[in-house]
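Within every chain, numbering begins at 1; the chains are lettered A, B, ... in the order of the sequence lines, protein sequences first and strands thereafter.
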There are 2 protein chains.
Amino acid sequence: MTQELFARYSFLLDRTARKVKQYAQQQFKTGEFDVTVDQWLVLKNLSENELLSQTELANLVFKDNPTLTRIIDLLCKKNYVERVPHPQDRRSFQLHLTESGISKVSELRPKILEIREKAWENLTGKDFEEFKRILDTIYQNLDGQVSE
Amino acid sequence: MTQELFARYSFLLDRTARKVKQYAQQQFKTGEFDVTVDQWLVLKNLSENELLSQTELANLVFKDNPTLTRIIDLLCKKNYVERVPHPQDRRSFQLHLTESGISKVSELRPKILEIREKAWENLTGKDFEEFKRILDTIYQNLDGQVSE
DNA sequence: TACCAATAGTTAGTGTGACAAATATATAAA
DNA sequence: TTTATATATTTGTCACACTAACTATTGGTA
């Protein structure tokens with residue numbers, strides 16, 4: 001039945017997403033990158049957008065606030081990120097990379113691009129377009145359905 | 001640069017997989033299904049293959065042993081699954097659904113197919129084939145690279 | 001028989017994800 | 001100014017993923 005078949009997309013998606021994260025994390029560990037995959041995502045976005053608040057950054061990386069708070073906690077402990085009190089709004093912080101954070105990003109960026117390429121062997125630019133279109137459609141279909 | 005572009009697949013994949021799980025979990029909660037999305041996956045596979053060992057089931061659903069142990073623990077607590085000592089091998093168990101587990105599966109199956117359909121709006125059977133092909137290729141590219 | 005490697009499953013530690021509730025501060029309305 | 005509401009972040013709880021280490025058992029082999 002078609003319905004049964006389509007229902008398998010969730011399984012394939014979950015399985016592949018986990019494999020991708022697992023592979024990257026394994027490479028991160030081998031290379032002693034000193035950050036996790038999610039911590040890298042946060043660092044990378046901070047390096048491209050300085051002085052974000054936590055909420056802004058959370059929206060950018062599609063993580064919820066509690067999750068981001070905890071990731072930032074870890075990055076602060078590792079001394080890659082600092083929370084600077086917002087000059088006008090005492091509720092919020094401006095996030096910025098430390099010296100150490102900046103050099104970590106430039107050290108890791110090329111290595112991570114290399115790791116990411118592995119997944120895309122045997123696939124074309126056109127495949128990527130299809131992939132992106134389908135994933136975005138699924139996302140849109142389900143977004144706005146959850147508490148919005 | 002193409003490399004930068006391709007590297008975004010991991011982000012898109014992770015984001016969409018999380019949205020799919022979140023949407024389903026939200027519907028599960030609203031419908032008071034009394035199980036999580038992952039618990040459902042395990043129940044469903046048990047209903048299609050009785051008397052599996054935990055390791056066999058883990059391979060089937062692509063979860064690792066510790067994760068499966070905890071999911072089975074929870075399903076036993078909820079009285080949907082029982083661990084029966086394996087008659088020949090005292091190290092392992094045969095898993096089987098209780099009466100309650102069987103009726104839970106048949107109660108939830110149609111509802112979940114309906115929930116799963118939502119994601120596939122505006123997409124075709126051909127899209128599904130492409131989707132499956134690309135995800136499987138990515139999986140294969142990275143599999144066997146991690147401790148195997 | 002005694003040893004040893006492999007296997008089944010569990011436990012513990014850390015990180016992440018979702019959700020709800022709490023705290024502090026800001027802003028708008030009465 | 002007081003009150004009400006909204007926003008930024010944190011804390012707590014539960015579930016899941018991955019790793020490493022551990023127990024018990026099995027099966028092969030010297």
Side-chain angles (χ1 to χ4, degrees), chain A residues 14-30 33-42 52-59 61-78 83-95 142 146-148, chain B residues 14-30 33-42 52-59 61-78 83-95 142 146-148:
Chain A
D14 187 61
R15 185 181 77 150
T16 308
R18 268 188 290 125
K19 177 61 81 176
V20 166
K21 186 174 276 191
Q22 183 193 6
Y23 175 76
Q25 191 59 59
Q26 226 270 334
Q27 299 299 110
F28 276 35
K29 194 180 169 198
T30 304
F33 288 6
D34 187 39
V35 290
T36 66
V37 171
D38 296 281
Q39 288 164 23
W40 163 253
L41 177 66
V42 167
L52 292 174
S53 73
Q54 292 191 188
T55 300
E56 288 166 339
L57 181 54
N59 291 333
V61 297
F62 290 83
K63 294 188 182 296
D64 64 9
N65 281 343
T67 300
L68 191 67
T69 289
R70 287 174 185 120
I71 292 177
I72 297 294
D73 284 348
L74 293 171
L75 290 174
C76 285
K77 241 183 236 160
K78 291 177 181 175
R83 287 182 170 102
V84 179
H86 189 289
Q88 273 85 48
D89 189 338
R90 281 188 300 167
R91 290 171 304 178
S92 78
F93 300 102
Q94 293 179 329
L95 300 172
L142 303 183
V146 183
S147 68
E148 274 186 0
Chain B
D14 187 61
R15 185 181 77 151
T16 307
R18 270 188 289 124
K19 176 63 80 177
V20 165
K21 187 174 275 191
Q22 183 194 9
Y23 174 77
Q25 191 58 59
Q26 224 268 335
Q27 300 299 110
F28 276 35
K29 196 181 169 196
T30 305
F33 288 7
D34 187 39
V35 290
T36 66
V37 170
D38 296 282
Q39 288 164 22
W40 163 253
L41 177 66
V42 167
L52 293 174
S53 74
Q54 292 191 191
T55 299
E56 288 166 340
L57 181 54
N59 291 333
V61 297
F62 289 83
K63 293 189 182 297
D64 58 21
N65 279 345
T67 299
L68 193 65
T69 290
R70 287 187 187 101
I71 292 177
I72 296 294
D73 283 348
L74 292 170
L75 290 174
C76 285
K77 241 182 236 160
K78 290 176 181 175
R83 286 183 171 101
V84 180
H86 189 289
Q88 273 85 48
D89 189 340
R90 280 187 301 167
R91 291 170 304 178
S92 78
F93 300 103
Q94 292 178 330
L95 299 172
L142 303 184
V146 183
S147 67
E148 275 186 0

- Item | Nucleotide D/dA8, atom P - distance to CG of A/L57 in whole Å | 13 Å

- Whole angstrom value for the distance that separates C1' of C/dA18 from CG of B/D38: 13 Å

- Message: Quick check: on DNA chain D, is the nucleotide nearest B/V37 upstream (toward 5') of the one nearest A/K29, or the reverse? Name the residue that is more 5'.
- Response: B/V37

- Message: Output the rounded distance in Å from CZ (A/R18) to P (C/dG17).
- Response: 14 Å

- Item | Proximal nucleotide (of C/dG17, C/dT16, D/dG12) relative to the B/D14 side chain | C/dG17

- Protein-nucleotide distance (B/F93, atom CZ; D/dA24, atom C1'), rounded to Å: 11 Å

- Message: Looking at every non-hydrogen atom in both residues, tell me the closest pair between A/N65 and A/Q54 and how far apart they are.
- Response: OD1-O, 4.3 Å

- Looking for any heavy atom pair under 4.0 Å, which part of the strands does B/T69 touch: base, sugar-phosphate only, or nothing? base

- Message: Testing the 3.5 Å rule here: is there a donor-acceptor pair between the side chains of A/Q94 and A/R83?
- Response: no

- Item | Side chain of B/P66 (C-beta onward), nearest among D/dA15, C/dA18, D/dC18 | D/dC18

- Using atom CD of B/Q54 as one end and atom C1' of C/dT7 as the other, report the distance to the nearest whole Å. 13 Å

- Query: B/K21 has an atom NZ; how far is it from atom P of D/dC14, in whole Å?
  - Reply: 19 Å

- Message: Tell me whether the side-chain N/O atoms of B/K63 come closer than 4.0 Å to OP1 or OP2 in D/dC16.
- Response: no

- Heavy atoms of A/V37 and A/Q25 approach each other most closely as N-OE1, 2.9 Å

- Task: Using only side-chain N and O atoms of B/T36, determine if any of them is under 4.0 Å from OP1 or OP2 of D/dC16.
- Result: yes

- Task: Assess whether one donor atom and one acceptor atom, taken from the side chain of A/R91 and the base of D/dT7, lie less than 3.5 Å apart.
- Result: yes

- Query: To the nearest Å, how far apart are A/Q25 CD and C/dT14 C1'?
  - Reply: 11 Å

- Note on the structure: Here the pair of heavy atoms bringing A/F28 nearest to A/V35 is CD2-O, 3.4 Å

- Message: By the 4.0 Å heavy-atom rule, please label B/Q94 as base, sugar-phosphate, or nothing.
- Response: nothing

- So which one's nearest nucleotide on DNA chain C is more toward 5', A/L74 or A/R90? A/L74

- Between the base of C/dA12 and the side chain of B/R70, is there a donor-acceptor distance below 3.5 Å? yes

- Message: Under 4.0 Å, heavy atoms only, any strand: does A/E56 hit a base, just the sugar-phosphate, or nothing?
- Response: nothing

- Task: Identify the two heavy atoms, one from B/K78 and one from B/D34, that lie closest to each other, and give their separation to 0.1 Å.
- Result: NZ-O, 3.0 Å

- Query: Rounded to whole angstrom units, what separation is found between the CG atom of A/D89 and the P atom of D/dA6?
  - Reply: 17 Å

- Query: What nucleic acid atoms does A/D64 come within less than 4.0 Å of, heavy atoms only: base, sugar-phosphate, or nothing?
  - Reply: base

- Message: By the 4.0 Å heavy-atom rule, please label B/Q39 as base, sugar-phosphate, or nothing.
- Response: sugar-phosphate

- Looking for any heavy atom pair under 4.0 Å, which part of the strands does B/T67 touch: base, sugar-phosphate only, or nothing? base

- Query: Any salt bridge between B/R18 and B/D14, counting N to O under 4.0 Å?
  - Reply: yes

- Item | Residue-phosphate contact under 4.0 Å: B/T55 side-chain N/O, C/dT7 OP1/OP2 | no

